[in-house]
Amino acid sequence: MSTVVTRFAPSPTGYLHVGGARTALFSWLLARHTGGEGKFLLRIEDTDLARSTEQATIQLLEDLRWLGLHWDNADSLVYQSKRQDIYNEIIKNLIAKNHAYEAWETQEELAALRAQAEKAKRAFIYRRRKYSPEQIAKFQEEGRKSVIRFATPVKQYSFFDVIAEKEIVQPEEECQDFVIRKTDGMPTYHFAVVVDDAEMGITHILRGQEHTKNTFLHIALQEALNYPRPTYAHLSTIQNLDGTKMGKRDRDKKVREAAHNFIKNTKTSIEAIASKTTLAASRLEEWLSNSKSQLDPSEHDQLMPAIGLNPKDLPEILVHDFRKNGYLPEALLNFLALLGWSPGENKELMSMDEMVQLFSIERISNANAKFDRTKLLAFNTEKLKAAPTERLVMAMRDFLSVNEDSPLSRATDEQLATLIDMKRGIRTLRELDDATRFFFIPDDQIAYDAAAVEKNLKKNNNEGAGVLRDLQTILTSAPDWTAATLEHAVQSYCTEKNLGLGKVAQPIRVAVTGSTVSPPIFQSLEFLGRESTLARISRCLSTL
RNA sequence: GGCCCCGUCGUCUAGAGGCCUAGGACACGGCCCUUUCAAGGCCGCGACACGGGUUCGAAUCCCGUCGGGGUCACCA
């Protein structure tokens with residue numbers, strides 16, 4: 001049996017998004033499924049000099065590491081931008097054999113040709129064009145740069161797609177001579193992928209459906225270069241609930257929408273908004289009026305406070321978004337795996353090991369899937385419930401590393417463990433943060449929610465405040481400060497006054513947290529400690 | 001528009017001619033538990049896109065219609 005070698009080959013133009021993560025996951029699962037033999041390799045496709053950034057590469061690797069999708073060529077990561085000489089050598093041979101040639105049309109000329117074809121309701125097919133020596137001399141004189149095109153042998157191409165489970169065919173009239181080297185000297189995607197996949201010994205290529213048609217170009221190139229043909233599997237698209245493609249544009253769309261609303265509602269000028277950021281007003285203006293233009297994430301981050309948009313309201317689409325919002329990687333991965341794949345037999349929740357064991361490419365579906373965040377939330381809840389406390393302490397540390405402004409950063413591991421056990425039942429790590437950060441805020445900085453104060457303390461002629469005063473006395477004289485003792489003392493008070501626990505717990509909650517929600521109240525008081533609890537109660541009472 | 005792919009509850013899916021009165025999960029509705037928020041327990045609602053075939057028998061096979069997605073770059 002031959003070895004399985006898969007790869008994930010992102011282009012570093014931004015953070016990893018969930019679609020890419022799912023492609024990486026399937027490739028990883030396929031390799032791991034074969035045991036120690038299989039290899040999962042990573043390659044950085046940075047041939048687009050204008051759009052690729054080093055920052056994006058770093059982020060991509062970090063996201064992959066966070067997911068636990070480790071690649072087997074860690075010490076020899078492939079960057080296409082560093083392999084220009086290798087590509088050029090192969091292209092030179094192709095030209096020598098007349099399998100490739102120089103082409104001189106400018107992008108404008110090509111666009112005109114396409115427009116013409118479209119007008120005539122014809123498909124535009126580029127085939128080799130003849131240039132006279134005089135023409136070429138003139139082009140060179142003008143300083144034109146040529147591209148190299150592949151002289152595609154005109155014939156019918158077909159390949160077997162293991163997900164569609166059938167032969168996908170392209171008729172010969174659709175063949176065209178595509179660019180393999182750009183005017184800037186870099187190879188195009190089509191050329192670099194074919195060369196690198198062959199060189200890296202890739203046996204199985206899993207990629208998005210948008211590449212299905214590209215495959216014909218790739219196999220034509222493989223034939224000319226005498227490369228073996230890998231197995232192809234094209235994954236369906238992940239969509240938003242409304243059926244549109246889920247992508248990075250969604251975030252930009254949301255920010256733009258919010259910006260327009262803000263301007264409309266507050267009559268703020270674009271200049272005024274821009275002045276709160278490092279963005280130029282002209283840039284902002286261009287972005288607002290042109291729905292095709294996009295801001296990058298760091299620009300979004302600056303703009304959001306200026307237009308009153310909370311980051312939590314952004315659609316989660318990047319792996320990093322889910323990390324920051326308190327999802328566990330194993331939950332995201334388990335959920336993603338089920339978008340297009342199922343092990344059958346009604347099995348859904350799986351450990352990574354189980355997924356590796358059960359994975360098979362034949363069971364991947366060819367139908368598009370919608371990304372339903374509520375189901376992901378449910379998966380996260382289950383994983384959180386099943387995880388041992390130590391695992392969650394680590395997860396919480398990771399969460400805090402990307403949420404540095406949280407007061408919980410001040411907690412010790414031991415405290416985190418206590419909080420985790422106190423608050424079992426949370427759905428995200430962010431919920432734990434939200435629910436327990438009041439512990440770490442200075443006593444005199446608790447902000448009281450007006451509605452909560454009204455309802456639980458002031459209503460019915462300060463009924464709650466009266467209860468709170470009684471409790472102040474009781475708690476002050478508590479023999480020790482454990483949840484059990486405090487509960488016992490408060491319960492006796494309830495019995496004596498014939499009050500339900502709710503009538504008593506809520507006023508304390510408001511005094512101690514500023515709001516109506518907290519972990520179980522007596523455990524919370526024990527955690528907070530006698531001093532802070534009493535300080536908060538008296539401060540609360542004094543503000544009434 | 002041409003070409004390619006797809007079409008089972010709202011969503012993710014099980015289902016490879018009779019095990020289907022179509023199963024599970026999430027969501028939703030109801031009830032229960034409860035000091036808050038969660039979590040949890042029980043019950044319920046809910047789908048084979050449509051129309052033709054083939055067959056004793058079709059969610060499963062074939063054809064058409066409709067609907068959705070992808071793609072038509074010197075971006076990957």
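In what follows, chains are A, B, ... by sequence order, proteins preceding strands, each numbered from 1.
Looking at A/Arg427 and A/Glu382, no side-chain N of the basic residue comes within less than 4.0 Å of a carboxylate O on the acidic one, giving no salt bridge. Checked for salt-bridge contact, A/Asp250 and A/Lys253 miss the test: no charged N lies under 4.0 Å from a carboxylate O. Ionic pairing of A/Glu105 and A/Arg129 is present here: one or more N-O contacts between side-chain nitrogen and carboxylate oxygen are shorter than 4.0 angstrom. Using a cut-off of 4.0 Å between Lys/Arg side-chain N and Asp/Glu carboxylate O, A/Asp197 and A/Arg7 are scored as salt-bridged.
Geometric assessment of A/Arg43 against the ring of A/Tyr79 yields a negative cation-pi assignment under the 6.0 Å and 45° thresholds. Cation-pi check for A/Arg149 over A/Tyr126 is met; the charged atom lies under 6.0 angstrom from the ring centroid and within 45 degrees of its normal.
Among the atoms of the strands shown, only primed sugar atoms or phosphate atoms (P, OP1, OP2) are found under 4.0 Å from some heavy atom of A/Thr47. Looking at heavy-atom distances under 4.0 Å, A/Val179 makes contact with sugar-phosphate atoms alone, never a base. Counting any heavy atom pair closer than 4.0 Å across all strands shown, A/Glu105 reaches a base atom. Residue A/Arg149 is in sugar-phosphate contact alone, with no base atom involved, counting any heavy-atom pair closer than 4.0 Å across all strands shown. Nucleic acid contact for A/Asp161: none, since no nucleic acid atom lies under 4.0 Å from a heavy atom of the residue.
Of the residues in residues 498-508 of chain A, A/Leu501, A/Gly502, A/Ala505, A/Gln506 come within less than 4.0 Å of RNA chain B through at least one heavy atom, sorted by number. Residues from residues 416-424 of chain A that place a heavy atom under 4.0 Å from any atom of RNA chain B, listed by number: A/Lys423, A/Arg424.
The minimum heavy-atom distance between A/His234 and A/Gly208, with the atom names listed, is CD2-O, 3.5 Å.
If you check distances only, the side chain of A/Lys375 does reach the base of B/rA25 with a donor-acceptor pair under 3.5 Å.
Note that CZ of A/Phe322 and CG of A/Leu328 are 13.5 Å apart. Values are rounded to the nearest 0.5 Å.
Between the CZ atom of A/Arg509 and the C1' atom of B/rC37 there is a distance of 8 Å, given to the nearest Å.
Of the possible donor and acceptor atoms, none in the side chain of A/Thr244 sits under 3.5 Å from a partner among the backbone N and O of A/Asn240.
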Close N/O contacts between protein and nucleotides 67-70 of chain B (under 3.5 Å):
from, atom 1, to, atom 2, distance (Å)
B/rG69, O2', A/Asn368, ND2, 3.0

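Between A/Trp341 and A/Phe359, the ring-plane angle classifies as tilted under the 30° and 60° cut-offs.
Nearest-nucleotide assignment on RNA chain B puts the 5′-proximal partner with A/Phe522, out of A/Phe522 and A/Gly425. Both A/Lys145 and A/Phe379 lie close to RNA chain B; mapped to their nearest nucleotides by heavy-atom distance, the more 5′-ward contact belongs to A/Phe379.
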